[in-house]
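Presented below is the structure to which this report refers.
Heavy atoms only: backbone and side chains are in, while hydrogens, waters and symmetry mates are out. This is a predicted model, so every value here is computed, not measured.
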Amino acid sequence: AHEGGVWRIVFSPDGRSFLTGGTADNHVKVWDMATDQERATLQGHTAGVYAAAISADGSLAATGGGDQTVRVWRLPGGEAVATLTGHTNYVMAVAFTPDGRNVISASSDQCIKVWSVADGSEIRTFGDHLSGVTSLAVARDGKRLYSAGQDRLILEWDLEKGTKCRSFEGHTGEIWGLALTPDGAHLVSGGDTTVRVWDLRFGTEAAKLAHHSDQVIGVSVSPGPRYIASVANDLQLKVWGVVPGGMARVRAKGFFGIKVQDEGGGRGVVVTEVIAGTAADRHGLQVGDLITKVGDIAVTGSKDSIPAIG
């Protein structure tokens, strides 16, 4: 177990293991889902771990945190592959390109960096954000990158050319979550007290979901995509079911961050990634939990509507 808080949990693509990042012990741990046993402890960070990602093939992990470094590890054993230095403030988000050859990092230093996994070299830096960068999303074809941050902006980048393509404006507060729909046609963002859905074909806002009462700090889209999930500092988890002509809303208290996966049987969604905190521990939501109409989770209708996605 970690000594102190856990900020980030990331589920492996095959669902057989997950990573946790500690904010007090500075460790990254690999856990076996079937046995709940610790597989490995990855040591190297010298400050809290706030960002983590696993490559699409599950062979590599990237982590970042308060020591301003990005570290790449080989899974499942956790052997150190590279330490990437160059940021001058906390690393708040990391992501792999779909081919696993590059790692992308976002930092409170307002910069986004693209790194080569093979030799650890810095390929390029994007620096157009006006404040700390908190979130990243990479298109499945690896051609586009989306970033967001405390400056209330979402920026789209051409990863091949290294240029900014366009910006998406509408949030009135900090943005702490980004997620792409599986077909790549829509981007979901979580910022201020709202969740917004952007149509990437036209660069326009397709929907605004405004039911949180405090800062939204995480969003995710299920693979279907039948659901959009959002979490906020109001201690509520909301899962929006995407249906023609409208959306259903699932609410739950006590969670700071979540990613979900369609359960497949029509019963709900399974929690696959969390940002844990005191409230999350107190309310007991965990990776692997099925979110359905049970207990303190209520399914309600919503007046918000967007076209069906996917």
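One side chain, K113 or T125, offers a donor N or O that lies under 3.5 Å from an acceptor on the other. A donor and an acceptor atom, one from each side chain of D151 and H129, are located under 3.5 Å apart. If you check the side chains of W115 and S105, you find a donor sitting under 3.5 Å from an acceptor. Using a 3.5 Å distance cut-off with no hydrogens or angles, the side chains of T163 and W157 do not pair a donor with an acceptor. R71 and T63 form no side-chain donor-acceptor contact under 3.5 Å, judged by distance and modelled atom types alone. Side-chain atoms of S230 and H212 include a donor-acceptor pair closer than 3.5 Å. There is no side-chain donor-acceptor pair under 3.5 Å between Q110 and S107.
Looking at heavy atoms from C-beta onward, V94 lies out of side-chain contact with I104 at the 4.5 angstrom threshold. Counting only heavy atoms from C-beta outward, the side chains of V30 and F18 never approach each other to under 4.5 Å. A 4.5 Å side-chain heavy-atom check between V195 and V188 finds at least one atom pair inside the cut-off. Considering only heavy atoms from C-beta on, I123 comes within 4.5 Å of N102 through its side chain. By the 4.5 Å heavy-atom criterion applied to side chains, V117 and R101 are not counted as neighbours. Looking at heavy atoms from C-beta onward, L136 lies out of side-chain contact with L178 at the 4.5 angstrom threshold. In this structure, the side chains of T194 and V216 stay at 4.5 Å or more apart for every pair of heavy atoms. You'll find the side chain of T41 reaches within 4.5 Å of the side chain of Q43, heavy atoms only.
The closest donor-acceptor contact from the side chain of S108 to the backbone of N89 lies at 3.5 Å or more, if one exists at all. Checked by atom type and distance alone, the side chain of D32 never pairs as donor or acceptor with a backbone atom of Q37 at under 3.5 Å. Not one N or O on the side chain of R39 forms a donor-acceptor pair closer than 3.5 Å with the backbone of W31. Of the possible donor and acceptor atoms, one in the side chain of S12 sits under 3.5 Å from a partner among the backbone N and O of S17. Between the R196 side chain and the G170 main chain, a donor and an acceptor come within less than 3.5 Å of each other. Proximity of a side-chain donor or acceptor of S167 to a complementary backbone N or O of I154 within less than 3.5 Å is not detected. For E156 (side chain) and K164 (main-chain N/O), no donor-acceptor pair under 3.5 Å exists by modelled atom type. Looking at D199, its side chain never comes within 3.5 Å of a backbone N or O of A206 through a donor-acceptor pair. Panel note: side chain S135, backbone G177; a donor-acceptor pair is recorded below 3.5 Å. A donor-acceptor contact shorter than 3.5 Å links the side chain of D25 to the backbone of E3.
The two residues A53 and A95 come nearest to each other via the heavy atoms CB-CA, 4.1 Å. Of all heavy-atom pairs between M92 and V133, the closest is CB-O, 3.7 Å. Of all the heavy atoms in P76 and A40, the pair that sits closest is O-CB, 4.1 Å. When all heavy atoms of S121 and D119 are compared, the pair lying nearest together is OG-OD1, 2.7 Å. When all heavy atoms are compared, the tightest approach of S220 to A179 is CA-CB, 3.9 Å. Here the shortest heavy-atom pairing between G173 and D192 reads N-OD2, 3.4 Å.
Between Y50 and Y90, the angle of the ring planes stays under 30°, which puts this pair in the parallel group of the 30/60° scheme.
Taken from CG in D67 to OG1 in T85, the straight-line distance is 10.5 Å, to the nearest 0.5 Å. Note that CD of Q68 is 9.0 Å distant from OG1 of T46, once rounded to the nearest 0.5 Å. Distance check: H171 NE2 to S189 OG gives 2.5 Å after rounding to the nearest 0.5 Å. Considering CG of L155 and OG of S147, their distance stands at 4.5 Å, rounded to 0.5 Å. To the nearest 0.5 Å, the span separating NE2 on H87 from OG1 on T69 amounts to 9.5 Å. In this structure, the separation between CG on L200 and SG on C165 is 11.0 Å, given to the nearest 0.5 Å.
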Quick one, F126 with L145, criterion side chain to side chain contact (heavy atoms under 4.5 Å, CB included). Give me CA distance, side-chain angles, the key distance, then yes/no. CA-CA 11 Å; F126 302 115; L145 169 70; 4.1 Å; yes
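Ion pairing between a basic and an acidic side chain is recognised when a charged N comes within 4.0 Å of a carboxylate O; K143 and D158 show no such pairing.
Exactly one residue among T20, V28, I54 makes a side-chain contact (heavy atoms from CB on, under 4.5 Å) with V10. That residue is I54.
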